[in-house]
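Remember, it's a predicted structure, so these values are computed and weren't measured experimentally. The sequence lines fix the lettering, A, B, ..., with proteins before strands; numbering per chain opens at 1.
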Number of protein chains: 2
Amino acid sequence: MAFAEPSDRKGPSILGVDPWVSDTRKTGKKRELLSEAERSRLAVIASIVRFKKGEDIYRAGDRADAIFNIISGVAKSYSGKGGDRIVAFLFPNDLFGLSEEGRYTNAARALTPVTAYRLPVSVLRSRLSRDALLEYHVICKLCEELRQSQRHAFLLGERRADVRLATFLQMLEQLQVAKGDTAGEIYVPMDRSDIGEYVGLSLAAVSRTFGSLVRHNVIKFRDRRWLKITDRAAFDRILADGAGRRTVRRGRNP
Amino acid sequence: MAFAEPSDRKGPSILGVDPWVSDTRKTGKKRELLSEAERSRLAVIASIVRFKKGEDIYRAGDRADAIFNIISGVAKSYSGKGGDRIVAFLFPNDLFGLSEEGRYTNAARALTPVTAYRLPVSVLRSRLSRDALLEYHVICKLCEELRQSQRHAFLLGERRADVRLATFLQMLEQLQVAKGDTAGEIYVPMDRSDIGEYVGLSLAAVSRTFGSLVRHNVIKFRDRRWLKITDRAAFDRILADGAGRRTVRRGRNP
DNA sequence: CCAGTAGTTTGATCCGGATCAAACTTTGGC
DNA sequence: GCCAAAGTTTGATCCGGATCAAACTACTGG
């Protein structure tokens, strides 16, 4: 739902086809869910809504009469009875608010002040059925979010805390690179506890593991939200270590 | 990608809209990705392929020139350098083989003998652009798979082995209920090691935890692949325990 | 600028599941 | 039906991260 794919990706695609790939290459524009034209076409039927930091965008179980497209700010989509368990972080241009049975399945809350388009489902729906290109782009976006979610699951499948966090940082970095933001430094808009809820670690473990990475000179925090990777090789080694190690040997074979 | 949603769901939906909801209610037919008509329309452009148990359907990085729709059997989609880490189990009617940059990102392998439709991308693509209903159904299917993947991530976010396995069994059960298969007993087509790779536990932990559940009379195995839930209340208690517990308290607040 | 609170670090202890290892059981081929 | 290989159970040990708890730091609003 949120993070960009590795930097060697050119855009979301389904069935190996993607109009943006060539678009992006030709125009050199940043990858976007909706083109400017499309965005303004949608703007006609959309209203702009604002949420304060910490404010609920919607709650699980609410009547799902609109979907959202973030213009600026960061939000989280979360679920679980306890309200913990972050399903996705939502960044500008992310589309969210998919429903099931007409109700939102997750809740969403602004982590920073958020501005977003609010698209009433009824209007968007009729648009969709008439606008093949838009529909196609929705497919692309869904593929992207599916991959994102699979990445998240992949991250959670890793057992070691450092690998989980390194993977998370990599996701953040790639997102920012894809958007053309300041490379070199990584911006971490969410707090330690949110990170923990996303990567499946306790708040304490997140802090401790960051501390350990800093102590080993792999990363360096400028302040609580900005860091840079000071030892790329070591960083990549941590990431690589995650895969290819778990030797699940079965039965007796010497 | 694979499991069905909870039984109170009527079908996949995007934006709160789903043509199958009414269809299903009217006809009482089982929920399907493709209607019979659609399936046969696709069959024209599809070839039927068979895979032996353990055979690769495709490998990560292979040229992605086709997608698949399982007719019978069970497969797994997996990734990770080590080839461990199962992303999804694939059951009949599941659509898989989405690509990125024209290459498969995951690998897929048959767990049982598998029969499947193989749909060449090129043909399907032109179909898609002309067939609005098909395109719409692809959207629905993608939403379903997205939710599935989010469920998987949710499962992996849980730390306790018994909750993970109970959740997994619940997914299997719901899938089988949705397909109208034998309720009462749950069929587990994959081996312990595959389960471990999906739920993020070691092979040993899977076996031990199953053992413990059996010892507590929560479930009972008829044989290695068939089990039933003998104490529903206890089972549900395990599931419920997963949520609402993780008290991530921050700072000092007495 | 200060107080109060939200957020973060750090310490100590404990436990669940990984890991290593060996026996046991089922399956499939001949 | 027998053997080998595949798959499963079970035991012992160990370690990473959860959990409990307290101190520290950075914001925020008055």
Rounded to the nearest angstrom, tell me the gap between atom [atom1] in [X] and atom [atom2] in [N].
| X | N | atom1 | atom2 | value |
| --- | --- | --- | --- | --- |
| B:D194 | D:dG7 | CG | P | 9 Å |
| A:E158 | D:dG17 | CD | P | 9 Å |
| A:R164 | D:dA18 | CZ | C1' | 12 Å |
| A:F221 | D:dA26 | CZ | P | 14 Å |
| A:D84 | D:dA18 | CG | C1' | 14 Å |
| B:L111 | D:dG7 | CG | P | 11 Å |
| A:D191 | D:dA26 | CG | C1' | 13 Å |
| A:R225 | C:dA6 | CZ | P | 15 Å |

Distances for protein N/O vs nucleotides 11-16 of chain D N/O pairs under 3.5 angstrom?
residue	atom	partner	partner atom	Å
D:dG11	N7	B:R208	NH1	3.1
D:dG11	O6	B:R208	NH2	3.2
D:dA12	N6	B:R208	NH2	3.2

Could you check B:R222, B:K228, B:R225 and say which one makes a salt bridge (charged side-chain N to carboxylate O under 4.0 Å, His left out) with B:E185?
-> B:R222
For A:F210, the option from A:L169, A:V218, A:V188 that meets side chain to side chain contact (heavy atoms under 4.5 Å, CB included) = A:L169
Name of the residue among A:T209, A:L201, A:I195, A:I238 meeting side chain to side chain contact (heavy atoms under 4.5 Å, CB included) with A:R164 | A:L201
A:L203 side chain: which of D:dT10, C:dT9, C:dA18 is closest?
-> C:dT9
Inspect the surroundings of CZ in A:R103 and state if more than 12 heavy atoms from other residues, nucleotides or ligands are less than 6.0 Å away.
-> yes
Does a sphere of radius 6.0 Å around CZ in A:R50 hold more than 12 heavy atoms from other residues, nucleotides or ligands, not counting ones at 6.0 Å or beyond?
-> no
Between protein and nucleic acid, restricted to nucleotides 25-30 of chain C and to nitrogen or oxygen atoms under 3.5 Å apart, what atom pairs and distances do you find?
none

A:H152 side chain to A:V87 backbone, donor-acceptor under 3.5 Å | yes
Between the two end axes of the helix from C:dC1-D:dG30 to C:dC30-D:dG1, each built from 5 base pairs, what angle do you get to the nearest 10°?
-> 60°
For salt bridge (charged side-chain N to carboxylate O under 4.0 Å, His left out), just list the numbers for A:R109 and A:E197, CA-CA rounded to whole Å, side-chain angles, deciding distance to a tenth of an Å, and then say yes or no.
-> CA-CA 14 Å; A:R109 175 173 300 168; A:E197 283 168 24; over 6 Å; no
Verdict with reasoning, B:R147 to B:E144, per salt bridge (charged side-chain N to carboxylate O under 4.0 Å, His left out) = CA-CA 5 Å; B:R147 266 196 297 272; B:E144 196 177 317; 6.0 Å; no
